[in-house]
Number of protein chains: 2
Amino acid sequence: MTKITLKHLRYFEAVALHRHFGHAAEACAISQPALSVQIKELEQILQTTLFERGARNTSLTGFGTEFAPRARAILQGVDELQDMARASKQGIVGRLRIGIIPTIAPYLLPDIITKLMRTNPDIDIQVRETLTSHLINELADGRIDAAIVALPVSEPAFTEVALFDEKFVLVRPEADRAKPTPDRARLTEMKLLLLEEGHCFRDQALSFCATQSDKAREGLDASSLSTLVQMVGAGIGVTLIPEMAVAVETQSARVAVSSFPEPQPTRTVGMIWRKTNPLSTKLLGIADLIRPA
Amino acid sequence: MTKITLKHLRYFEAVALHRHFGHAAEACAISQPALSVQIKELEQILQTTLFERGARNTSLTGFGTEFAPRARAILQGVDELQDMARASKQGIVGRLRIGIIPTIAPYLLPDIITKLMRTNPDIDIQVRETLTSHLINELADGRIDAAIVALPVSEPAFTEVALFDEKFVLVRPEADRAKPTPDRARLTEMKLLLLEEGHCFRDQALSFCATQSDKAREGLDASSLSTLVQMVGAGIGVTLIPEMAVAVETQSARVAVSSFPEPQPTRTVGMIWRKTNPLSTKLLGIADLIRPA
DNA sequence: TTTTTGTCATAGGTTTAAATTATTAATCTG
DNA sequence: CAGATTAATAATTTAAACCTATGACAAAAA
């Protein structure tokens with residue numbers, strides 16, 4: 001049992017339009033017999049007559065009349081598929097599904113979006129903000145196209161591109177402003193507030209603090225840098241935040257911010273994507289665009 | 001330049017569903033290379049990548065994700081075409097576009113529709129009421145499937161089937177009830193009211209009246225039998241109407257109805273359709289159904 | 001009527017497209 | 001590194017679609 005093909009529908013449409021097999025065949029750039037055979041086959045598939053062949057004129061049957069607009073709609077749908085493909089190629093990508101970790105997103109995203117929109121007015125940007133481990137899964141599954149995270153990720157399936165390094169700064173209560181900046185050794189003596197488990201920034205901060213440590217830290221983990229800073233402002237302890245977050249987060253809090261002496265704590269922020277992603281080269285371009293330097 | 005085919009879309013859908021070329025190929029009952037080639041061709045046509053082939057898993061690209069629902073919609077539309085064809089075949093015809101002349105329609109239509117609906121609950125009946133000449137044109141053009149008119153029509157392209165004969169009766173003012181029924185010769189002396197030009201019934205009535213005649217008849221033509229009877233009731237003249245119309249039209253008028261002595265005037269009502277109409281045999285069945293005897 | 005014309009269907013042979021099997025290439029997994 | 005998994009490529013076969021030529025039929029013209 002053969003199936004309906006678009007060829008059948010295209011030929012049908014031509015005959016319906018011209019009401020003449022010969023003219024329709026010409027319009028389709030094929031011979032009249034070829035068209036006749038195809039129409040006949042379509043009628044056989046449908047088990048119905050579509051055209052009434054008179055000796056001197058051809059017309060649609062009742063069923064053919066109902067059939068025509070649907071056939072036309074299908075053909076139009078197919079044309080639209082092609083248009084869609086063409087449209088999606090102008091500009092860098094068309095749609096970009098990008099993931100960013102929470103300790104970067106609020107500070108970098110406005111800038112990224114602005115830059116992408118400027119160079120690429122029709123782009124459709126979809127952002128996903130969650131923990132690195134989730135982003136890695138979603139990237140692997142093809143649910144997002146790229147992710148901006150702290151490097152290294154060391155997944156062999158991913159390409160990693162560094163975007164920039166960022167320093168961590170110390171946030172203390174306003175009252176501590178005059179005190180000297182502690183080095184990493186002295187930090188262990190202070191009450192250090194951290195993000196919840198799962199945030200890479202938590203681990204990065206901890207690793208700087210020379211604490212081997214999870215030493216009796218009661219449940220004071222915060223779910224965002226913003227909360228962390230507010231807690232510091234309330235005098236509960238001190239914390240580290242990325243330099244990039246300073247402007248936004250310490251605006252309205254009664255806290256003192258200070259840089260560490262060398263060796264300063266840092267992390268590398270980068271972009272990752274599947275090596276197999278066909279957009280690879282374009283993603284490289286996007287990385288260049290985002291990179292501030 | 002090759003074009004998109006439904007095969008492309010069917011294969012695409014399978015791969016999108018299974019996210020695995022081998023399994024998709026199995027689902028399509030073809031070999032994996034055949035499917036790979038077709039998908040590749042589709043991607044070439046669209047000038048875009050639809051799938052991201054990893055070494056161990058396959059996923060849709062961003063564009064593929066947008067492409068999928070449209071492809072699915074098209075395939076569904078095609079399936080519906082087939083359903084439509086199947087549905088249209090149950091019952092006698094599915095849709096019947098029928099034309100009837102005005103001097104028959106009001107009296108016969110209710111009966112016809114009742115009968116058709118009873119034997120054929122899902123039928124879609126479309127009625128066109130106009131003059132014979134118009135019906136013939138519309139029939140020839142395929143705009144209607146059949147027509148009920150007075151025979152003969154004598155179009156070689158049409159099949160004619162007689163339905164029944166109907167007599168014409170004389171309608172006189174109530175005051176004339178006691179007078180003897182005039183024969184056709186005496187009719188010429190009376191003021192005979194007729195339908196407008198174009199109605200076949202006008203010609204049929206005239207031809208009975210032995211008038212060779214269009215003799216100075218002022219513009220008193222009516223546009224319906226109903227009007228004609230009302231005019232008679234008002235004492236303007238006399239008229240002929242088909243027997244079938246008596247019950248409906250003389251109900252509320254102050255007129256006297258009488259049959260003619262032999263030879264009585266009659267006409268044959270019949271059904272016509274294009275010989276080339278594929279529904280021919282079914283239309284014969286419908287004629288049998290309509291025929292009162 | 002007979003002939004001619006217009007129009008679609010059928011037939012046989014050729015070309016093009018699609019499928020098959022077999023093989024290769026690449027990349028994970030153990 | 002060896003074995004397994006998965007998709008791509010190659011060569012060949014099979015099937016579909018098309019073309020030219022011809023036939024059938026009905027309408028129009030002679």
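Naming convention: chains lettered A, B, ... in sequence-line order (proteins, then strands); numbering from 1 in each chain. Just so it is clear, the structure is predicted and the values come from calculations on it, not from any experiment.
- Nucleotide C:dC8 holds its C1' atom 14 Å from the CD1 atom of A:Ile30, rounded to whole Å.
- Of the two residues contacting DNA chain C, namely B:Ala29 and A:His23, the nearest-nucleotide position lying further toward the 5' end is that of A:His23.
- Residue-level contact check: A:Gln32 touches the bases, meaning some heavy atom is under 4.0 Å from a base atom.
- Taking every side-chain heavy atom of A:Pro33 into account, C:dA9 is the closest of C:dT20, D:dA27, C:dA9.
- Salt bridge status for A:Glu80 with B:Arg70: present, with a side-chain N to carboxylate O gap under 4.0 Å.
- Nucleotide D:dA17 holds its P atom 15 Å from the NZ atom of B:Lys3, rounded to whole Å.
- Residue B:His20 places none of its side-chain N or O atoms closer than 4.0 Å to OP1 or OP2 of D:dT5.
- For the pair A:Ser36 and C:dC8, the criterion of a side-chain N or O lying under 4.0 Å from OP1 or OP2 is not met.
- Summarising the geometry of A:Ala150 relative to A:Arg267, their closest heavy-atom pair is CB-CD, 4.1 Å, with the distance given to 0.1 Å.
- Looking only at atom types and distance, the side chain of A:Asp165 has a donor-acceptor partner in the side chain of A:Thr268 under 3.5 Å away.
- When distances run from any side-chain atom of B:Gln38 to the nucleotides D:dA27, C:dA19, D:dC18, the shortest one goes to C:dA19.
- Using a 4.0 Å cut-off between charged side-chain N and carboxylate O, A:Arg128 and A:Glu138 make a salt bridge.
- At a threshold of 4.0 angstrom between heavy atoms, the contacts of A:Thr58 are confined to the sugar-phosphate backbone, with no base atom among them.
- In this model, the phosphate group of C:dT7 is not approached by any side-chain N or O of A:Arg53 to a distance below 4.0 Å at OP1 or OP2.
- Look at A:Lys40 and you'll find a side-chain N or O under 4.0 angstrom from OP1 or OP2 of C:dT10.
- No contact: B:Pro156 has no heavy atom under 4.0 Å from any strand.
- Close to C:dA17, at under 4.0 Å from its OP1 or OP2, lies no side-chain N or O of B:Lys7.
- Side chain of A:Arg56, nearest nucleotide from C:dT5, C:dA22, C:dC8: C:dT5.
- Residue-level contact check: B:Ala34 touches the bases, meaning some heavy atom is under 4.0 Å from a base atom.
- Ion pairing between A:Glu43 and A:Arg53 holds under the 4.0 Å rule for side-chain N and carboxylate O.
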